[in-house]
Visitor: 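This is the structure I want to talk about, given as structure tokens.
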Amino acid sequence: MYHNPRCGKSRDCLAFLETSDKKFEIIKYLETPLTFNELEEIIRKLNLNPIEVIRKNETIWKENFKGKELSDCEIIQTMVDYPILMERPIVVYNDKAIIARPLEKIKEII
């Protein structure tokens, strides 16, 4: 689980996983940022376009990137440079991943 402890939805996801019988790893991606390749792989598992993983209401996005034409690679690099822009929480299980919003989406992959 890619987790931001300051995010309520991410904390809810963690609580849900803690009550499940599944073993899981917590990755605090703001403390341990993802590499370009790691993030690219997660996006592939999500089966989404990189722009769909961006938190577009974040100030960093609005002030620096909103309205600009960015390639998929540039969008991924932006999330590597500014991990706060990555949607959360993301749960990866085997070769699939979901953004756990709403929380019930976790049941789709575990």
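Keep in mind that this is a model prediction, so the values were computed, not measured.
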Visitor: Quick check: are there more than 12 heavy atoms from other residues, nucleotides or ligands sitting under 6.0 Å from NZ of Lys56?
Guide: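 Yes, enclosed.
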
Visitor: Starting from Phe65, can I reach Ile76 by hopping between I/L/V/M/F/W/Y residues whose side chains sit under 4.5 Å apart?
Guide: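 Ile76 and Phe65: one cluster.
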
Visitor: Looking only at atom types and distance, does a side-chain atom of Arg11 sit under 3.5 Å from a main-chain N or O of Arg6, one as donor and one as acceptor?
Guide: yes

Visitor: Under 3.5 Å, is there a donor-acceptor pair between the side chain of Lys45 and the main chain of Asn94?
Guide: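 Confirmed, Lys45 side chain pairs with Asn94 backbone.
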
Visitor: Would Ile106 and Glu108 satisfy side chain to side chain contact (heavy atoms under 4.5 Å, CB included), going step by step from the backbone distance to the final call?
Guide: CA-CA 5 Å; Ile106 295 174; Glu108 294 175 15; over 6 Å; no

Visitor: Just checking, any donor-acceptor pair under 3.5 angstrom between side chains of Gln77 and Asp81?
Guide: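 Asp81 and Gln77 do have a side-chain donor-acceptor pair below 3.5 Å.
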
Visitor: Between Met1 and Cys13, does a side chain to side chain contact (heavy atoms under 4.5 Å, CB included) hold up when you go through it step by step?
Guide: CA-CA 9 Å; Met1 173 186 160; Cys13 182; 3.9 Å; yes

Visitor: Closer than 3.5 angstrom, by distance alone: can the side chain of Lys62 be matched with the main-chain N or O of Glu58 as a donor-acceptor pair?
Guide: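 The answer is no, because no donor-acceptor pair under 3.5 Å joins these two groups.
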
Visitor: Would you check if the side chain of Thr19 reaches a backbone N or O of Phe16 as a donor-acceptor pair within less than 3.5 Å?
Guide: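 Looks like yes, one N/O pair under 3.5 Å.
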
Visitor: Using modelled atom types and a 3.5 Å cut-off, is there a donor and acceptor pairing between side-chain atoms of Asn49 and backbone atoms of Ile51?
Guide: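 Checking the backbone N and O of Ile51 against the side chain of Asn49, no donor-acceptor pair under 3.5 Å is found.
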
Visitor: With a 4.0 Å cut-off, would you call Asp95 and Arg44 a salt bridge?
Guide: yes

Visitor: Hey, could you give me the CD/OG distance between Glu87 and Ser10, rounded to the nearest 0.5 Å?
Guide: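 If I round to the nearest 0.5 Å, the distance is 11.0 Å.
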
Visitor: Show your reasoning for whether side chain to side chain contact (heavy atoms under 4.5 Å, CB included) applies to Leu48 and Ile99.
Guide: CA-CA 10 Å; Leu48 296 173; Ile99 298 171; 3.9 Å; yes

